[in-house]
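This report concerns only the one structure given below.
Protein chains get the first letters and strands the later ones, always in sequence-line order, with residue 1 at the start of each.
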Amino acid sequence: MGTESVQPSLIQSVVKLTQLDKLLGLGRANSLWPMTFGLACCAIEMMATGASRFDLARFGAEVFRPSPRQCDVMIVAGTINHKMAPAVKTLYDQMPEPKWVIAMGNCAISGGPFVFKGQYGIVEGADKFLPVDVYVPGCPPRPEALIEGILHLEEKITGSRRWPRVEAK
Amino acid sequence: MLLDTIKKELAAVALSTEEEVSAEDLAATETPETVERAEGEAPAEAPEGKEEEKPRPPIMETDYRAKGFHLDVQVAPDKVVEAAKILYKENFFIEAVTGVDWLKEEEFEVVYDYNNMAELCRVVVRTRVPRSTPQLPTISEVYAGANWHERETHDFFGIEFMGHPDLSPLLLPEDADFHPLLKDYTP
Amino acid sequence: MNPIPEVLRLVIYLTCLILFAALNAAYLVWVERKGAGHIQRRIGPKEVGPFGLLQPLADGIKLMTKQLFLPAGVDPVLFKVAPILLLVPAVMSFVTIPFSETLVARDINLGLLMIFAFASVNVLGVLIGGWASNNKYAVISAARAVSQNVAYEIPMLITVITMVMVTQTMNLNEIVMQQPNIFKWYVFRFTASPLMPVAFLIFFICSLAETNRAPFDLAEAESELIAGAYTEYPGMGFGVFFMGEYANIVIGCAVTTILFLGGWQCPFGLAPGWWWFLAKLYLLIWTVVWIRWTYPRVQFYALLNLSWKVLIPISLVNLLLTGAMIKVF
Amino acid sequence: MSGYFTELFTGTKSLAIGLGITIKAFFQPVVTLQYPYETLEMKPRFRGHIQLTQDEETGESKCIVCGMCQKACPTGCITVAGKKPEGSKKKALTRYILNFTTCSLCGQCVESCKPNAIEFSKDYNLASFDKNDFIFDLLKRLKEKS
Amino acid sequence: MNSLFSADGLTGLVFLGTIATTVVGAIIATNSVRLIRAVVGLAICFIGVAALYYFLNSPFVALMEMLIYVGAVCVTIAFAIMLAEPHPEKQVGKNNALAGVASLSVGAMLFWGLTVLARNTNWKAAVSVANDGSMREVGKSLLTTYSMVFELISVVLLVAIIGALVLARQGREKA
Amino acid sequence: MNLLNISNNLETYLIIGAFLFGMGFYGLLQRRTLIGMLIAAELILSGASINFMAFNRFLAPDPTVGQIFTLFIMAIAAAEASIALSIVIAVYRNYRSIDTEDIVELKG
Amino acid sequence: MSEFALSQTQETFVMNLGPQHPATHGVLRVKLTMDGEYVVRAEPVLGYIHRMHEKMGENRTWAKFLPNTGRMDYLHALAYNHGHVMAVERAAGIEVPERAEYLRVITTELNRISSHLLWFGAFVLDLGGFTPLLYAFDDREQILDLLEGVTGSRLTYCYYRFGGVYNDVEDDFLVGTKAFISRLRSRLPMYHGLVTKNIILIKRLKDIGPIPPDMVTRYGATGPVARGSGFNFDLRKNEPYSVYPEFDFDIPVYTECDSMARYMVRMDEMEQSMRIIEQAIDKLPEGPVKAKKVPKTLKPPAGDYYCAVEAARGSFGVRIVSDGTNTPYRLKLRSPTYSNLSLFEEASEGMLLADALALMGSLDLVIPEIDR
């Protein structure tokens with residue numbers, strides 16, 4: 001697969017909020033197709049989010065596409081190490097604009113429990129080389145947290161939140 | 001008893017106490033050096049632990065309940081293949097190959113864990129190579145599964161397995177030139 | 001003869017058909033997702049519009065506004081031609097399908113043949129798309145699609161020939177008119193051949209295989225070939241492929257309905273009309289969805305064996321039997 | 001030849017059974033928990049990020065700034081600081097920073113805390129646009145709560 | 001003068017489109033560097049030819065053309081190209097200018113000659129037509145007058161299938 | 001001549017047939033690969049078929065003959081294509097090339 | 001044939017499966033040399049999720065390594081917890097109270113069922129069936145709820161401690177577990193009807209991906225892979241640890257050596273695990289769940305120790321080399337799938353791509369455990 005360098009946030013910079021863009025935003029926000037891309041433990045929770053109990057499909061985001069060309073959002077679920085980082089970057093580059101990144105789990109946010117002095121293997125956070133839009137912490141996060149992350153992303157795209165906010169008790 | 005048979009057979013390849021190699025090996029476990037090492041890292045308890053092991057025979061039945069294995073065999077580096085062949089004949093399978101970096105003694109220890117499916121009998125074969133020239137023959141011809149274990153050991157310690165088909169990094173990036181599990185490794 | 005209304009009629013019909021194909025593709029995806037959801041005891045799309053009915057709209061908007069780019073290394077011309085090669089024949093096939101006695105764009109005497117002639121083209125679309133993508137997965141997928149299509153075209157055509165022998169016509173409307181009630185549906189017409197239900201099954205299985213639907217979705221095997229021939233298609237290219245695929249499913253099911261299930265005829269002989277046709281059609285499509293979410297994918301050799309060792313012999317036996325029955329009675 | 005037909009028959013039957021199972025599931029009620037509208041109550045032992053417990057009498061934290069949690073943490077995500085206020089023997093907590101982004105929720109801090117000053121929160125659905133949101137000042141959170 | 005919007009006018013337009021399709025398809029089929037494009041050109045050309053058959057009052061043959069040529073022959077050729085793709089860069093180098101000109105002139109001369117022949121001959125239409133040439137009639141003659149040929153053709157096809165299998169298999173064994 | 005009325009004219013079809021024939025011939029000479037030559041051959045056959053069909057439509061007393069001939073040509077073309085392609089595959093397996101100039105040494 | 005032709009007849013091409021590919025369950029990369037649809041050589045390339053567990057083991061105290069064990073094999077995290085704490089307990093000579101051992105067995109077996117359920121779903125997903133995955137997840141969620149009630153996490157448990165477990169369980173956990181077992185018992189026939197007996201699946205698994213017994217020995221494959229090739233080898237019976245000798249259960253062994261055998265082993269194992277749990281709940285003794293005499297800072301005597309447990313994927317071994325300090329001198333983790341996967345290259349030779357992937361699925365890979 002080839003790589004293309006796509007200027008990041010090319011679309012966002014051009015876009016001004018008009019009625020049409022609002023419609024586009026609504027369309028995009030409600031059809032976030034994630035990539036079938038799991039790295040480690042969090043991937044299992046990502047699968048659990050798509051499973052019957054939590055059902056990511058309600059938000060139209062269950063279409064896990066295995067090919068980056070057809071994806072809108074990359075859920076980085078797990079630790080990225082130095083060997084994997086170029087591949088992740090390639091996959092991100094292969095996604096067509098507009099595209100978003102959710103860093104799921106502590107490893108993707110900052111390296112998580114695998115950060116220690118003198119570590120030689122991992123990238124300390126996906127935001128070191130990807131423009132992360134939403135962070136979902138946890139080790140691993142509960143499926144609700146990932147849904148919350150998707151809702152946050154929709155909030156970011158449309159500018160408002162359609163769903164009630166849930167306060168943890 | 002499987003344990004007895006294998007002990008008898010392995011005795012042929014085990015490091016014999018008379019040979020020079022073993023003298024060197026014994027020297028490594030002599031008290032003065034151990035103490036020296038212990039001073040560096042573990043002042044209180046290490047010498048006691050080591051002293052029990054001092055007259056360590058090259059082939060030794062161990063207390064399974066305390067150690068987790070039945071037979072502990074020390075061989076010369078060039079005998080690992082023979083040992084592997086003997087064990088293969090008795091239907092042992094290889095569990096793991098790994099290294100230990102004895103920095104103070106300037107030596108690598110390479111440990112082979114064998115186990116048997118029919119009867120519980122864990123055999124540990126260990127050998128020591130100098131840190132400056134870490135070379136020993138591969139057993140991947142006997143045990144195909146050792147291929148990856150040896151590659152991994154090469155990744156982590158830089159120990160070279162002579163005759164190994166492909167020692168390129170397995171777990172580390174393809175272009176990795178460092179050996180992270182060395183005690184003196186700093187990234 | 002008044003030519004202008006004829007022209008207008010054609011234009012209106014074509015527009016309607018394209019709309020029908022597009023809407024069908026969009027809402028079949030919805031049906032698929034919703035059906036899959038309930039089969040898996042979850043809800044499926046729900047938040048986007050009532051019952052998630054606006055989900056296809058959102059997907060459409062998104063796909064259309066997705067950045068279009070040509071992945072590196074693809075053949076630019078063929079890459080763009082391929083989705084069209086898949087979609088256009090599929091839409092063309094709609095032309096001759098009778099939704100009711102009068103609701104048909106072009107009542108062609110060779111309707112059945114025409115559908116198969118056009119249906120045989122769409123495999124070229126997959127093949128070219130896969131090849132142009134310059135991606136090994138896509139190429140393998142294209143190769144699979146072709147061998148599968150070739151293998152299943154044979155029993156399908158044999159069954160169709162059998163049906164033509166029985167019906168004595170290739171005009172779809174006439175075929176429908178021969179089946180006024182449930183006892184005269186060809187699927188239960190034991191006087192024509194005792195193996196008619198089997199022929200129906202064979203035809204249905206073949207149309208599943210021809211449209212690359214599960215369990216015959218080897219060409220799009222997600223766990224093996226990423227997204228098969230469509231791996232490199234971003235945005236609307238993928239959308240068009242998808243539409244073409246669903247249009248093909250609709251056609252496959254429509255032909256099955258017409259040949260075996262009495263088309264727009266009512267099962268009890270009452271008030272025939274397009275609603276019966278659509279009801280039967282969607283029931284079949286629902287079966288396709290149901291099957292997809294039940295079975296694992298078949299193995300490649302099992303797929304070919306099924307065709308060569310099971311479907312072709314049985315359909316040949318059926319052909320001979322039908323011929324004999326026609327001769328005798 | 002008979003094997004051929006037996007296989008054909010059993011195969012078709014197995015396929016029909018499969019269809020029966022899925023259609024039965026289709027008509028069974030869904031098991032989905034509709035998250036933003038319906039929520040689960042977290043189990044008492046649920047491990048969210050840690051938070052400071054409240055002393056029922058004073059409303060202050062029970063922390064005695066012994067630093068055990070900081071020492072026990074495998075990833076070093078806890079930073080505790082305290083000082084002795086004038087005229088008091090015990091140290092008082094001035095800062096309790098939890099860097100949740102490196103936490104592994106092993107529970108060793110809670111286990112090691114003798115005065116039960118920290119506990120697991122029930123925050124199970126965190127998400128944010130900024131990763132610094134997860135570097136919690138637990139003391140501040142405690143004050144906001146009370 | 002027929003209006004463009006009358007039925008005849010539209011037919012004429014469609015017919016022009018058909019000719020264009022055929023011609024363009026043929027040009028792509030013979031001139032593209034990459035063989036896969038040539039196949040697509042061939043498919044386009046065949047679609048045009050099928051439409052021509054339709055204009056020649058023979059929808060049956062037109063549909064058969066689609067089914068056999070586009071659906072089978074083109075797919076088979078494309079499939080063969082996938083199995084044995086020549087290196088395109090090598091092909092470019094081999095395109096000898098002189099040979100190209102020579103073959104072009106041969107082709108052009110043939111075209112010219114046939115065209116002249118077609119235009120200058122005085123074609124005589126048949127006085128009476130035996131039947132309407134419908135599919136039913138075609139079928140009848142296939143099984144009566146031309147039954148021998150029909151059988152022979154089926155034998156040829158059978159031999160072709162077996163021969164193709166044997167050839168393809170042999171190559172595989174050697175490899 | 002009315003450009004919109006040429007569909008009812010024998011010569012049109014003959015010229016198209018001649019064009020396809022000429023193109024096919026040109027392709028046959030110019031192409032260096034077996035598959036390319038096969039494609040050109042298919043064009044020649046098409047040209048012939050068009051002629052048959054055209055004569056059938058405009059001149060023949062029995063309008064089934066041309067159609068039957070065309071059908072036979074199709075069958076032959078299909079057989080030819082399958083045989084030729086299997087030869088191509090076999091040749092490719094042996095020579096790693098379907099270029100006609102590479103296949104001069106005719107030994108197994 | 002001429003020499004030229006001979007050297008040129010390799011009709012192969014190289015294809016990269018992964019590191020992002022749906023069938024590799026994570027970030028395994030397989031360098032495939034293919035001849036059309038056939039696999040000529042499939043060389044796994046590891047290390048895309050290498051997380052330095054062994055290096056971390058040398059860097060932190062024995063206790064601080066605990067969270068790592070749950071993150072290696074996140075599907076059967078408790079077995080890895082178990083392996084590590086048992087190895088350290090063996091080295092430091094800590095006795096574990098009986099109730100704690102029972103709790104360990106109950107939770108680890110529950111976890112094993114959840115692991116097998118996920119494998120079942122993911123395996124059928126590899127074969128193209130999507131729905132069984134979600135049914136399996138439905139059941140798995142019940143287990144996760146139960147375990148979350150005890151351990152506080154859903155996946156990466158850190159529940160066992162040296163000398164016991166983190167906390168005691170309540171009665172509702174035991175009641176819930178029993179209820180779950182009766183639920184799963186009624187669900188398993190459904191799985192068999194939907195998947196096991198399905199002709200399509202049988203065609204895809206029967207006689208596909210054979211792993212002959214000698215290959216198992218040469219590569220050191222363990223767990224269901226070995227048991228599917230006729231080896232009656234399960235550490236719970238062969239090297240009885242914890243309180244497993246107290247229970248009456250069988251080791252499912254199949255001698256067909258194909259993917260179906262491995263599939264059946266795992267399906268049967270779930271039933272056996274349920275038996276174990278039931279017995280353990282019935283026999284669960286009262287008492288403390290943590291040993292009294294566990295020193296604050298552990299300093300096991302110098303020497304090396306080995307300890308292995310039967311994880312869902314095979315035998316997981318921990319080799320500790322202690323130098324008497326509060327951190328390990330060397331911590332070697334022997335992960336079962338590492339050995340199991342290493343035979344893939346040999347076993348998949350000459351297979352169809354789809355079959356090779358079925359074989360890979362039947363090995364039940366968890367990549368972070370391979371890469372460690």
> Would you call the rings of C:H38 and D:F26 parallel, tilted or perpendicular, where under 30° means parallel and over 60° means perpendicular?
Replying inline: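 Ring orientation, 0 to 90° scale: perpendicular.
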> Heavy-atom distance under 4.5 Å to chain C: side chain of D:L33, backbone, both or neither?
Replying inline: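 For D:L33, there is no contact with chain C at all, as no heavy atom is under 4.5 Å.
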> Is chain C contacted by the side chain of D:I23, its backbone, both, or neither, given a heavy-atom distance below 4.5 Å?
Replying inline: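 Both the backbone and the side chain of D:I23 come within 4.5 Å of chain C.
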>> Can a donor-acceptor pair be found, under 3.5 Å and without considering hydrogens, that links the side chain of C:Y295 to the backbone of D:G18?
In response: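 Such a contact is absent between C:Y295 side chain and D:G18 backbone.
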>> Closer than 3.5 angstrom, by distance alone: can the side chain of C:R41 be matched with the main-chain N or O of D:P29 as a donor-acceptor pair?
In response: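 Side chain of C:R41 to backbone of D:P29: a pair is present.
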Identify which part of [X] has an atom lying under 4.5 Å from any heavy atom of chain D, answering side chain, backbone, both or neither.
{"X": "C:E47", "value": "side chain"}
{"X": "C:I291", "value": "both"}
{"X": "C:L306", "value": "neither"}

> So C:T294 and D:I17, side-chain contact (heavy atoms from CB on, under 4.5 Å) or not? Walk me through it.
Replying inline: CA-CA 10 Å; C:T294 303; D:I17 289 173; over 6 Å; no
> Looking only at heavy atoms, which two atoms of D:L8 and C:I314 are closest? And how far apart?
Replying inline: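 Minimum heavy-atom separation between D:L8 and C:I314: CD2-CD1, 4.2 Å.
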> Considering only heavy atoms from C-beta outward, does the side chain of C:I39 approach that of D:I21 to under 4.5 Å?
Replying inline: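 No, too far: nothing below the 4.5 Å cut-off.
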> With distance as the sole criterion, is a donor-acceptor pair present between the side chains of C:W290 and D:T22 under 3.5 Å?
Replying inline: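 D:T22 and C:W290 do have a side-chain donor-acceptor pair below 3.5 Å.
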>> Under the rule for salt bridge (Lys or Arg N to Asp or Glu O under 4.0 Å), what residues qualify as partners of C:K62, not counting sequence neighbours?
In response: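 With sequence neighbours excluded, C:K62 shows a salt bridge (Lys or Arg N to Asp or Glu O under 4.0 Å) to A:D72, given in chain and number order.
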Answer yes or no: does atom [atom1] of [X] have more than 12 heavy-atom neighbours from other residues, nucleotides or ligands under 6.0 Å?
{"X": "D:E111", "atom1": "CD", "answer": "yes"}
{"X": "D:K71", "atom1": "NZ", "answer": "no"}
{"X": "C:F51", "atom1": "CZ", "answer": "no"}

> Under the side-chain contact (heavy atoms from CB on, under 4.5 Å) criterion, do C:R42 and D:V31 qualify, and how do the steps go?
Replying inline: CA-CA 6 Å; C:R42 54 192 178 88; D:V31 294; 5.8 Å; no
